[in-house]
Amino acid sequence: MAPEADARVAADPAPPSAAPARTTPARGRRSHAAADAQGPEAFDAWFEARGWSPAPFQREAWAHYLAGRSGLLHAPTGSGKTLAVWGGPLLSALAQPPAPRAGVLRRLRVLWITPLKALAEDTARALRDPLADLGLDWQVGIRTGDASARDRKAAREGRFDALVTTPESLSLLLTYADTAPVLAGLEAVIVDEWHELMASKRGVLLELALARLRALAPRLRIWGLSATLGNLDEARRVLLPHAPDAPLVHGVAARETVIDTLIPPPGERFPWAGHLGLAQLPRVLERILGVRTSLLFTNTRSQAELWHQALAAVWPEAPETLALHHGSIDAALRHAVEDGLRAGALRCVVATSSLDLGVDFPTVDQVLQVGSPRGIARLLQRAGRAGHRPGAAGRIVCVPTNTLELLEFAAARHALTVGRIEARPPLRLSLDVLAQHLVTLALGGGFEAEAAYAEVRGTHAFAALGRRHWQAVLDFVVQGGAALSNYPDFARVVRTDDGRYAMSDRRQALRHRLSIGTIVSDGTLQVRYLKGGALGSVEEAFIARMTPGTRFAFAGRTLEFVRIRDMTAYVRRVEGGRVGAVRWMGAKMPLSSELGAELRRIVAGHDADAPEVAAARPILDLQARISALPDTDTLLVESLTARGEQQLFLYPFAGRHVHEGLGALFALRLARMQANTFSFAVSDYGLVVALARPMPVDDATLAVLLTPDGLLDDLHASLNMGELARRQFREIARVAGLLPPSLPGRTPPSLRALQASSGLIYDVLRQHDPGHVLLDQAEREVFEAQLEFRRLRATLERLHGAPRLLARPQSLTPLGFPLWAERIRGNLSNEDWRTRVERAAERLEARWSRG
DNA sequence: GACCTGCTGCGGGGTG
């Protein structure tokens, strides 16, 4: 495999700090060779003039393109992937300049889809770069939500040769009947960062849009770009369902990634539980000061705020060299941080996933990860954010926040060496997205039902769409379905006399365009200074608890709450002092199955020489002594009775969603054996079920608890499916166009109002149209997304067949302690909880050291 | 004073 030095050979375009784009041929740089070369040779000459030569995978991708094929290119960032897919259209244009159509100056030939509008500018620059040198007079435009009215118009009229856009903006293009002839002339669509899109509804929306484009331009080539993931071949099939033989081209191998864990010295007391990690502050600061620029990743926004605050308190440099970046901070402030990174003006940025993707910052020397990486792909992604020095390995400094987390980094290291990376499962049959797309089609010139059905079934997401569901979705967009047919707002599409489905009402059209997209986020308040500067957004529930004068940390500042007006929280800045940080009720991302499996392997005694494992040795030995350490495939169950209450600890290492499902399931199944009172708590490693009255538990009991038989029925019986589905329905209602979009310039509805209106619709449907397809979908999504049903079932199958080790320790064990702490959290204040956990830890340590 | 879990992404249009 080509060494990393080859990055120069096929490098991705210069970062934005480099020379600005040239729109006219730059005489000086235009090479002698390229100036004279004709046809495809000009492209080689262009490479040559830069001292580059095309890498084999680039030539491979170009050859496929020139043969008219679609494909998927698997390549890490910075490896020359842009030119690998852009070279095709360029070579094709050089080989055969298309005859200009009469009266048409330009023709939209290439559409470049990016999931991140922040990438559009750089991408456009990269695409423009070779054009002038090759003598191609192409205009490269950008059409995202940020585009000017002029650019929007130009994009719609096809006055660009290549257009960089987002999935949402592509959908918007499809809502105009006059874009059909423009799109019919397309030669290629390139989907960047396909791995980011494919497992989400955004991906489904794009699948549908691509099916439309294929119908308009049958010879269209579609090329996807993807980072490493566990199901690359599936990624290829999802993007290219029409081309089963499409090639999967592999770019240069990813460079090696070194995991460098910050291990607390032996004498230091390291937390048993908790995930904040501030005990590691001195070591982290030392690492940060050891290089020029660092990115410090945390897992949550609140944690980022707290780490920023803690670092600021001990920051020896100019305060403005330390910055904070996360998704709830105002875009302008975030852009300022990004600019600071580009300019090399920052020493450290504390960030969440908001900096996982996007523009590469060559100035970043070091990446640190605080807390569990949750998944191997995620750790790899973050490690890749540090500057690429040719030939050097990628390095990530990992900061465990508690003792057990040490092991996760050893587990991740082994996963990387054996190439175990998570798969991203594509979504299927997202009927809310289909409904939205059908309205788009109706608005964009109308459709004929049979042709549209065939087209939609040509996607991966809807390949299995049956007639009944198709008809139901069609009815839904025409009249809202049976229960909603009296509400004109829900009758969006009309069936015309010639049997076509169309949409003409201008108000409805505007409403639909405002509703396009699948990202649902609302219920937040803007945070502003009294003078007007925007800081970002927080959740209503967080601010609701405040009275004027309450202080909190947000956006890296200490603020004082003043008042709420028009969904805006007004604040003033106050001086320092440690105050509580904003908290959000975000999604709880579980540990991946892959990392969980690796962790079981480590716990079972593998990789004992890894520094993290060595550091955790005393804990592992203790666990073995007072309870047991399970083999990789053995399930450890601990039964512990104290003060008349029995606790069952299980450690499947299957991630918190699965453990939630198991908890509910076990409570139900235990109740069948004996009338009792149950409660449970989960972590990413396991769960604890507490029984108010002890009952005998043996292996036969466990076998009953763990049987996969009747899983579905039992889950239905044990969970409040109605309420879960009702909550899930809000997103579906929004995507399907049942909720009014927030109009620009108007105060957005509050979360309560949205919940109320989606809840109202949900109830109306439940009562009058219980078979409504969107209700089914809400329940399906609860199973798939919230419970991770497939993973739950797989886990249960694994556990049921696995050897079990039933231990009866006399006290809480190192594995059980965090679960116990989690369990008592519920009804205690933070402070009380903290005190109790602290006390218990001390007692246990004393007891363990005696035993 | 210590102590704190809970991600990201996009999006209008016509007139002056």
Side-chain angles (χ1 to χ4, degrees), chain A residues 113-120 143-149 152-153 156 165-172 175-176 193 196-197 200-203 205-206 271 273-279 297-307 309-310 325-328 331 334 351-358 370-372 374-375 378 381-382 401-402 405 436 506-507 509-521 539 553 577-590 656-657 683-684 734-735 741-745 821-822 825 828-838:
Chain A
I113 316 282
T114 165
L116 221 56
K117 61 185 176 187
L119 281 171
R143 201 296 181 199
T144 65
D146 297 341
S148 68
R152 281 165 201 241
K153 194 153 180 284
R156 190 172 149 183
T165 190
T166 61
E168 289 80 6
S169 282
L170 170 56
S171 244
L172 279 162
T175 65
Y176 300 101
E193 312 269 9
E196 273 300 315
L197 291 167
S200 73
K201 288 188 182 178
R202 294 186 81 191
L205 190 67
L206 183 57
H275 299 271
L276 192 56
L278 286 179
F297 281 109
T298 66
N299 285 332
T300 73
R301 289 163 283 182
S302 188
Q303 194 180 21
E305 294 273 353
L306 288 164
W307 265 92
Q309 192 180 51
H325 193 284
H326 63 68
S328 293
R334 289 166 56 173
T352 61
S353 300
S354 56
L355 284 184
D356 272 2
L357 284 183
V370 179
S372 164
R374 306 287 157 77
R378 182 182 166 90
Q381 174 69 31
R382 290 187 166 180
T401 63
N402 62 51
E405 235 171 43
Q436 183 183 107
R506 283 170 55 86
R507 201 182 58 88
L510 176 61
R511 191 184 135 125
H512 176 66
R513 291 191 179 115
L514 280 162
S515 305
I516 278 186
T518 62
I519 299 171
V520 178
S521 52
E539 290 173 359
R578 285 172 79 98
V579 293
V582 182
R583 289 160 83 162
W584 290 263
M585 292 295 294
K588 301 179 179 178
M589 204 174 34
R656 54 183 317 118
H657 289 172
S683 72
D684 273 326
R734 167 72 182 70
V735 173
S742 59
L743 286 162
E822 194 56 42
R825 184 194 294 280
L828 293 173
S829 73
N830 259 340
E831 203 172 337
D832 294 344
W833 177 76
R834 170 69 214 135
T835 318
R836 250 188 100 175
V837 169
E838 189 83 6

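Only heavy atoms go into these numbers, but all of them, side chains included; no hydrogens, no water, no symmetry mates. The structure displayed is predicted, hence computed values, not measured ones.
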Enter the distance from A:T300:OG1 to A:L306:CG here, rounded to the nearest 0.5 Å.
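Interatomic distance, A:T300 OG1 to A:L306 CG, rounded to 0.5 Å: 8.0 Å.
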
Could you state the interatomic distance from CG (A:L119) to CG (A:L357), rounded to the nearest 0.5 Å?
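Atom-to-atom, A:L119:CG and A:L357:CG are 7.5 Å apart.
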
Quick check on DNA chain B: between A:T175 and A:E405, whose nearest nucleotide comes earlier from the 5' end?
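Upstream on the strand: A:E405.
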
Students often get this wrong, so: under 4.0 angstrom with heavy atoms, is A:R152 touching a base, only sugar-phosphate, or nothing?
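Answer is sugar-phosphate: A:R152 comes under 4.0 Å of backbone atoms only.
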
Set of salt bridge (charged side-chain N to carboxylate O under 4.0 Å, His left out) partners for A:K153, sequence neighbours left out:
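If we apply the salt bridge (charged side-chain N to carboxylate O under 4.0 Å, His left out) test to A:K153, skipping adjacent residues, the hits are A:E157.
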
Tell me every residue that passes salt bridge (charged side-chain N to carboxylate O under 4.0 Å, His left out) with A:R143, counting only those two or more places apart in sequence or in another chain.
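Not a single residue meets the salt bridge (charged side-chain N to carboxylate O under 4.0 Å, His left out) criterion with A:R143.
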
Expressed in angstrom and rounded to an integer, what is the separation of [X] atom [atom1] from [N] atom [atom2]?
| X | N | atom1 | atom2 | result |
| --- | --- | --- | --- | --- |
| A:L170 | B:dG12 | CG | P | 13 Å |
| A:H275 | B:dC7 | NE2 | P | 14 Å |
| A:W584 | B:dC7 | CH2 | P | 8 Å |
| A:H657 | B:dG6 | NE2 | P | 14 Å |
| A:R511 | B:dG11 | CZ | C1' | 15 Å |
| A:Q436 | B:dG12 | CD | C1' | 14 Å |
| A:L306 | B:dG1 | CG | P | 17 Å |
| A:N299 | B:dC7 | CG | C1' | 9 Å |

Would the distance check show the side chain of A:E539 and the main-chain N or O of A:M585 forming a donor-acceptor pair, the cut-off being under 3.5 Å?
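Checking the backbone N and O of A:M585 against the side chain of A:E539, a donor-acceptor pair under 3.5 Å is found.
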
Between A:W307 (side chain only) and A:L276 (backbone N and O only), is there a donor and an acceptor less than 3.5 Å apart?
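Between the backbone of A:L276 and the side chain of A:W307 there is a qualifying donor-acceptor contact (under 3.5 Å).
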
Just jot down the side-chain hydrogen bond (donor to acceptor under 3.5 Å, both in side chains) partners of A:E168, sequence neighbours excluded, or say none.
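For A:E168 the side-chain hydrogen bond (donor to acceptor under 3.5 Å, both in side chains) partners, ignoring immediate neighbours, are A:R202.
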
In this structure, which one of A:H326, A:Q381, A:R301, A:R382 forms a side chain to side chain donor-acceptor pair (under 3.5 Å) with A:S353?
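Single side chain to side chain donor-acceptor pair (under 3.5 Å) partner of A:S353 among A:H326, A:Q381, A:R301, A:R382: A:R382.
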
Set out, line by line, the N/O atom pairs under 3.5 Å between protein and nucleotides 8-10 of chain B.
from, atom 1, to, atom 2, distance (Å)
B:dT8, OP1, A:G327, N, 2.8
B:dT8, OP1, A:T352, OG1, 2.4
B:dT8, OP2, A:R301, NE, 3.2
B:dG9, OP1, A:R334, NH2, 2.6
B:dC10, OP1, A:K117, N, 3.1
B:dC10, O3', A:T166, OG1, 3.4
B:dC10, N4, A:S521, OG, 3.1

Taking ring pair (Phe, Tyr, Trp, His ring centres under 6.0 Å) as the test, write out the residues that go with A:H512, two or more places apart.
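Partners of A:H512 under the ring pair (Phe, Tyr, Trp, His ring centres under 6.0 Å) test: none.
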
Which pairs, protein N/O on one side and nucleotides 14-16 of chain B N/O on the other, fall under 3.5 Å?
none

